[in-house]
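Below, chains carry the letters A, B, ... as their sequence lines are ordered, and counting in each starts from 1. Bear in mind the structure is a predicted one, so any value in this text is a computation, not a measurement. The figures that follow rest on heavy atoms only: side chains count, while hydrogens, waters and symmetry mates do not.
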Amino acid sequence: MNGIGPVITTSIRNNLRSRTLLIVFIGLGVMLALAVALCISLLIIAPTVEENLPDMESDLELYLGSIMYCASLFGVGICINVFAASSMTREKSRGNIESLLATPLKVKGIWLAKSLAVFLPGLVLAEVLTAIALVAINYIYFVPEIGFLINPWIAISSFVMVPLMYFCISLLTHLIGLTGSPNTANAVVQVFLPLILALMMNLGLRETLDMTSWHFTLINLGIAAVIGIVVVLLYPRLTKERIVLSCRE
Amino acid sequence: MNSAISLENVRKTLGSREVLKGISFAVERGDIFGYLGPNGAGKTTTIRVILGLLELSSGTASILGLDVSQDEARRKVGFVLEADGLYDNMTAEENLEYYFRIYKVAQPEGKIEKVLDSVGLKDRAKDKAGTYSKGMRQRLALARAMAHNPEILVLDEPTAGVDPSGQMEIRQLLLNTVHKEGETIFLSSHNLDEVQRICNRIALIDRGEIKLYGELDKLQREMSQGEVIINTAEAIAESLLAELKSLSHLGLRERKERSLIFSPQEGVEVSDIISLLAGRGVKIEGAGKREASLEEMYSAILKEVEPQ
C-alpha cells in the first residue's frame, strides 16, 4: 500500500471542495439525526422519564441507543451516498483514474485510497453526531433523574459496527464503480441506508431483537462480514484493464 | 543497450476483436517517435499496453528493458493521455504537487516552480486547472508528465484541440525536452504536419497492424521512388514541355508553375536532367531528389489497405 497517502488526502480535499455536495451531506445528515433524536426524545423518552417506572433504565437505554444508531447511520451513510458515485463518475470521465493507474501505484492501493477518502469524512461525522446524541440526551433527560446511561453493546454497534459496515460498503461501491459502472455502485449504496435503517429499527423497536444485547452488535458485525465476503468474491475483478476499459463505457 | 520502448509481436484481443495483430517496433533512446494511424487503428491501445494498463494477449513489451507490467518501468515514464486527467478544482501547483508526492520526488516546492516555468505557466500557478484553456491544460499535463524527470514521455495526441500557436508552443517544448534533457518521446498523433516537423522515426498503424515503420527521412526517400524536382526561374514554354514529355526515359510526371517533377528511369541522374534543361536555355534555380511528404505516404499506405 505504498504511496496511497497522497491519493487519500487529495481525494478527501477534492470531495470536500465540492461545496454543494458538502452542504447537502452535512445538512442532510445533521437534519435527519436531529429529527430522529427530537422525535424519540419528545415522544418516547420524556414521557418515560416522567412516569418513573421501576424497569425504566433498560427502555431508556434502548431509546437512546436508537438515536445513537440512527445518528451514526446517517452520518456515515449520507456521506458515502453523496460522494462515492459522484467522485467516481467524475474521475473516470475526466481520465483521473486512468492517469493514476499509469503511475507506479498499485491498483488495490488506488481502490483502498478512494474508498477511505469517501469513508473517513463520514466516519468523523458519524462519530461526532453519535457522541453529541449520547451526551446531549443524557444531560437533558437522564443525568438530573437517574444518572448517565450508556449501553455498551449499542455503543459498540453505533461507534464501531456501523462505521465498519459502511467501510465495507465503501470498498464494495468503489470496487463495483471502478470496474464497472458508477451508476450500479450508486444504486447499491443508495439502497443500503434505507434498507439497514428500516430493518434494524423495526427489529429493535418491535423487540424482535434486543438492541441492548450483544446479539445486536453481532448482527451488525455479521452484516459487515457478509459485505466483506462479497468484496472478497468480487476482488479478482479489480484489474487495471477492467478499470481502464470501463472508463469510457 | 536496451531500446527505450520495445514491442515484439504484441497481440491484444478485446472481447472478440483483435485490436493489435502482432505489432513490433522499437523506439530508441533520444528518438521523437511519431505513432500514426486513423481512428480505431489501435494507437490508444498501444499506448495503454506501453503504460501497463492493458495485459498482453501475447508477445512482449518492455520499457528500457523492463517488462511494462513492472512498477519500476512506469516510474521511468511520464505520460499525457487522451483525457488529460487534471483535477479541475485544484490549482496547477496542487496538480503537480499531487504527482510529485505519488512519485515521491524530493523537495517538490522548488521543483514545482521550475517545472511550471519550463511550460510557461509560472504566472498561473495559483489558478485552478478548470480555468485553463485547452492549450494551457495540455502544457500543464506535459509539466505533470515531466515532473519526476522520466526518461521516456508517452504522449497521446498532446496537441489535439489546441490552437495553432498553442501547438507551436507544445512542439517547441517537446523539442527542448529532447535536446536539453535527452528524453525519448513517443508521440501518438493525427497531426501529420506536426509529426513531420519534430519526429525522426515513425510507425504507421492501421487495423491493428504496423504498415510503415522506420526513420522518417529514409522512408520519405524510399516512398518518393527516386523522383526529381527541378525549380526554374520562369514558367516552362509549352513547346519545351511537349519535348520533355516525349522523352520517356525522363518520366516527366507533374508540372507546376515553376517546377517540374520527374520519375526518371534507372541510370538517369539529376545532372542529366539539369544538363538537358540548361541546354534548352532554362534557368534552373534548384534541383534535387524529391522526398515524399508524410501526408502522401500516409494516404498511399492507407489506400493500399483499403480494399481489404
Out of B:Leu54, B:Val77, B:Asp84, which one racks up the most heavy-atom pairs below 4.5 Å with chain A?
B:Leu54
Can you tell whether the side chains of B:Asp88 and B:Arg137 come within less than 4.0 Å, N to carboxylate O?
yes
Portion of B:Phe79 that has a non-hydrogen atom of chain A nearer than 4.5 angstrom:
side chain
With a strict 4.5 Å heavy-atom criterion, list every residue of residues 6-13 of chain A that contacts chain B, or say none.
A:Pro6, A:Val7, A:Thr9, A:Thr10, A:Arg13
Do the non-hydrogen side-chain atoms of A:Ser99 and B:Arg144 ever get within less than 4.5 Å of each other?
yes
Would you say the side-chain atoms of A:Thr173 pair up with the backbone N or O of A:Val188, donor to acceptor, closer than 3.5 Å?
no
Verify, without hydrogens or angle tests, whether A:Ser93 (side chain) and A:Arg90 (backbone) share a donor-acceptor contact under 3.5 angstrom.
yes
For the candidates B:Leu81, B:Val154, B:Leu51, which exhibits the highest count of non-hydrogen atom pairs separated by less than 4.5 Å from chain A?
B:Leu81
Need one label for A:Leu100: side chain, backbone, both or neither, based on atoms under 4.5 Å from any heavy atom in chain B.
both
side-chain contact (heavy atoms from CB on, under 4.5 Å) partners for A:Thr89, two or more places apart
A:Pro182
Please indicate whether B:Glu8 has more than 12 foreign heavy atoms, meaning atoms of other residues, nucleotides or ligands, lying under 6.0 Å from its CD.
no
Is a salt bridge present between B:Arg74 and B:Asp71, judged by a nitrogen-to-oxygen distance below 4.0 Å?
yes
Validation row: B:Val119, B:Ile170 side chains within 4.5 angstrom (heavy atoms):
no
Tell me, for B:Leu14 versus chain A, whether the close heavy atoms (under 4.5 Å) come from the side chain, the backbone, both or neither.
side chain
Taking B:Lys21 for the side chain and B:Arg207 for the main chain, is one N or O donor matched with an acceptor at less than 3.5 Å?
yes
Heavy-atom contact with chain A under 4.5 Å, split by part of B:Lys76
neither
